[in-house]
Amino acid sequence: IVAIQGIFIYKRLYTSNIKSTSDYLYIPTGSNFNDVVDQLKKKNQILDENSFRWTATQMKYVGNVKPGRYKLKPEMSNRELVSLLRSGKQIPVKLVFNNIRTQKQLTESLSKQLEVKATALSNLLNDNEYMKQLGFNAENSLSLFIPNTYEIYWNTSADQLLSRMKREYDKFWTSSRMAKAQKANLSPIQVSIIASIVEQESNKEDERPIIAGVYINRFRKDWKLEADPTLVFALGDFTINRVLNVYKSVESPYNTYLHKGLPPGPICLPSSRAIDAVLNYKHHDYMYFCAKEDFSGYHNFAVTYQEHLNNAKKFQQALDRRGIKS
């Protein structure tokens, strides 16, 4: 009898009870043991529910559930599985966010990769008192996020996530970068705002420092920036290919055709390369630029308004020939 009982216990503890394919088990915050069992059954990951329940009870896991993202190895035994879940040793998510145009896009992207809800993130990002503690406000909150790949636990809360992003932000803004910003008489947030405009103006890495120089020249001379990407952002229509004069009257703090100075926040999530392009901007006398008529993605630069008008005319004629009206 003792031998039979021993074999019974051994099988329940050490016999494979997980499917042969590897997978992840997600245990949401606030889950109890039955929720864990339901998750395993929902994805058809477990072979014998009863033996798992018995093992979890014997190993005192039933009242000790820890949320997170756990890697299930092929053919794990009940003992291995319960030991893993009880330990709380989850596998972090490789969090990635780029090509973001709005705060809404950002929160939705993050919520698809993590447990945190988009609304929870949005509430904090739009809470001026909360953001003030991090050195930002609701309008420039996108500046907090430096696009990269981060390892972070799946069940990280909204507050924990923003605190982590602040630590990453502080690491990004090295003494060298801060010195360059100070030399340009710009704050890191102002650099991010200009970088967001540069990001949308050109994807040519070699040209971005020149474009950054144009906007810094305008900003220093207290000119209106008259940046088309800010107008597109103000309109909220990212399908616009041709900015028409009729658009320039829209009332918005992001309409740099109407208002002097920088817009209140970034018009996209600028990449680290765009930020560095601003920090390493080219010193020149250009005050204008216009897309080249060959549609190469590069621009013609000009010092005088008359030069700019000539360049703009060539590009507008090229648009007309291609039938691009809006």
Side-chain angles (χ1 to χ4, degrees), residues 22-30 66-72 84-85 87-127 130-178 180-181 187-189 191-196 198-200 203 205 208 265-279:
S22 61
D23 201 354
Y24 288 99
L25 173 65
Y26 293 84
I27 301 178
T29 300
K66 295 181 175 67
R69 174 180 182 257
Y70 297 91
K71 176 72 170 178
L72 303 184
L84 171 65
L85 300 182
S87 73
K89 292 180 180 178
Q90 54 174 307
I91 301 296
V93 172
K94 291 189 181 299
L95 183 66
V96 180
F97 46 87
N98 47 43
N99 298 320
I100 300 294
R101 300 297 297 267
T102 65
Q103 185 195 101
K104 185 173 185 290
Q105 285 182 355
L106 176 63
T107 57
E108 288 177 351
S109 174
L110 295 173
S111 67
K112 287 177 182 176
Q113 299 175 73
L114 302 171
E115 179 187 28
V116 66
K117 301 295 185 186
T119 50
L121 285 169
S122 181
N123 288 340
L124 289 184
L125 291 173
N126 289 304
D127 184 335
Y130 176 86
M131 292 305 299
K132 184 178 179 180
Q133 299 173 41
L134 299 178
F136 302 86
N137 60 40
E139 291 181 307
N140 61 38
S141 60
L142 277 186
S143 302
L144 170 63
F145 297 83
I146 307 296
N148 205 336
T149 300
Y150 301 99
E151 287 198 348
I152 191 163
Y153 289 127
W154 172 75
N155 59 317
T156 297
S157 69
D159 177 56
Q160 290 170 333
L161 177 58
L162 296 189
S163 294
R164 168 67 183 279
M165 290 299 100
K166 180 59 166 64
R167 292 196 297 274
E168 298 294 343
Y169 176 90
D170 290 339
K171 282 196 292 185
F172 174 82
W173 280 99
T174 60
S175 57
S176 174
R177 286 190 171 104
M178 287 297 294
K180 289 178 180 179
S187 70
I189 290 176
V191 170
S192 292
I193 292 173
I194 296 173
S196 72
V198 172
E199 182 97 47
Q200 294 304 312
N203 60 6
E205 299 289 339
R208 283 178 172 178
I267 60 166
C268 73
L269 196 60
S271 64
S272 58
R273 295 187 302 278
I275 292 173
D276 284 335
V278 175
L279 292 174

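Remember, it's a predicted structure, so these values are computed and weren't measured experimentally.
Tyr70 OH: more than 12 foreign heavy atoms inside a 6.0 Å radius. The number of heavy atoms from other shown groups lying within 6.0 Å of NZ (Lys89) does not exceed 12.
Between Ser141 and Gln103 the shortest heavy-atom distance is OG-NE2, 3.4 Å. Shown here for Ala277 and Arg208, the closest heavy-atom pair between the two residues is CB-CB, 3.7 Å. For Asn155 against Gln90, the heavy-atom pair with the smallest separation is OD1-NE2, 2.8 Å. Here the shortest heavy-atom pairing between Asp159 and Leu124 reads N-CD1, 3.7 Å. The minimum heavy-atom distance linking Glu151 with Pro92 is given by the pair OE1-CG, 3.9 Å. Across every non-hydrogen atom of Leu269 and Glu199, the tightest pair is O-OE1, 4.3 Å.
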- Query: Which is it for Arg177 and Asp276 under the salt bridge (charged side-chain N to carboxylate O under 4.0 Å, His left out) test, yes or no, and what are the steps along the way?
  - Reply: CA-CA 8 Å; Arg177 286 190 171 104; Asp276 284 335; 2.9 Å; yes
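To the nearest 0.5 Å, the span separating CG on Leu121 from NZ on Lys104 amounts to 13.5 Å. To the nearest 0.5 angstrom, Thr29 atom OG1 is 10.5 Å from Ile27 atom CD1. The distance from atom CE of Met131 to atom NZ of Lys166, rounded to the nearest 0.5 Å, is 10.0 Å. Separating the CE atom in Met165 from the CG atom in Leu134 is a distance of 11.5 Å, to the nearest 0.5 Å. Note that CZ of Arg69 is 11.5 Å distant from OG1 of Thr156, once rounded to the nearest 0.5 Å. Going from atom OG of Ser196 over to atom CG of Asn140 covers 11.0 Å, rounded to the nearest 0.5 Å.
The closest donor-acceptor contact from the side chain of Ser122 to the backbone of Ala118 lies at 3.5 Å or more, if one exists at all. Judged by distance alone, the side chain of Gln105 and the main-chain N or O of Arg101 form a donor-acceptor pair under 3.5 Å. Judged by distance alone, the side chain of Gln113 and the main-chain N or O of Val93 form no donor-acceptor pair under 3.5 Å.
For the pair Ile275/Trp173, a side-chain contact is recorded, criterion being any heavy-atom separation below 4.5 Å from C-beta on. Residues Arg167 and Asp170 form no side-chain contact, since every pair of their non-hydrogen atoms from C-beta on lies 4.5 Å or further apart. Side-chain contact between Met178 and Pro188 is present, with at least one heavy-atom pair separated by less than 4.5 Å.
For the 3.5 Å distance criterion, the side chains of Tyr130 and Asn123 fail to qualify, holding no donor opposite an acceptor.
Using cut-offs of 30° and 60° on the angle between ring planes, the pair Phe145 and Phe97 is perpendicular.
Taking a cutoff of 4.0 Å between a charged side-chain nitrogen and a carboxylate oxygen, Arg164 and Glu168 qualify as a salt bridge.
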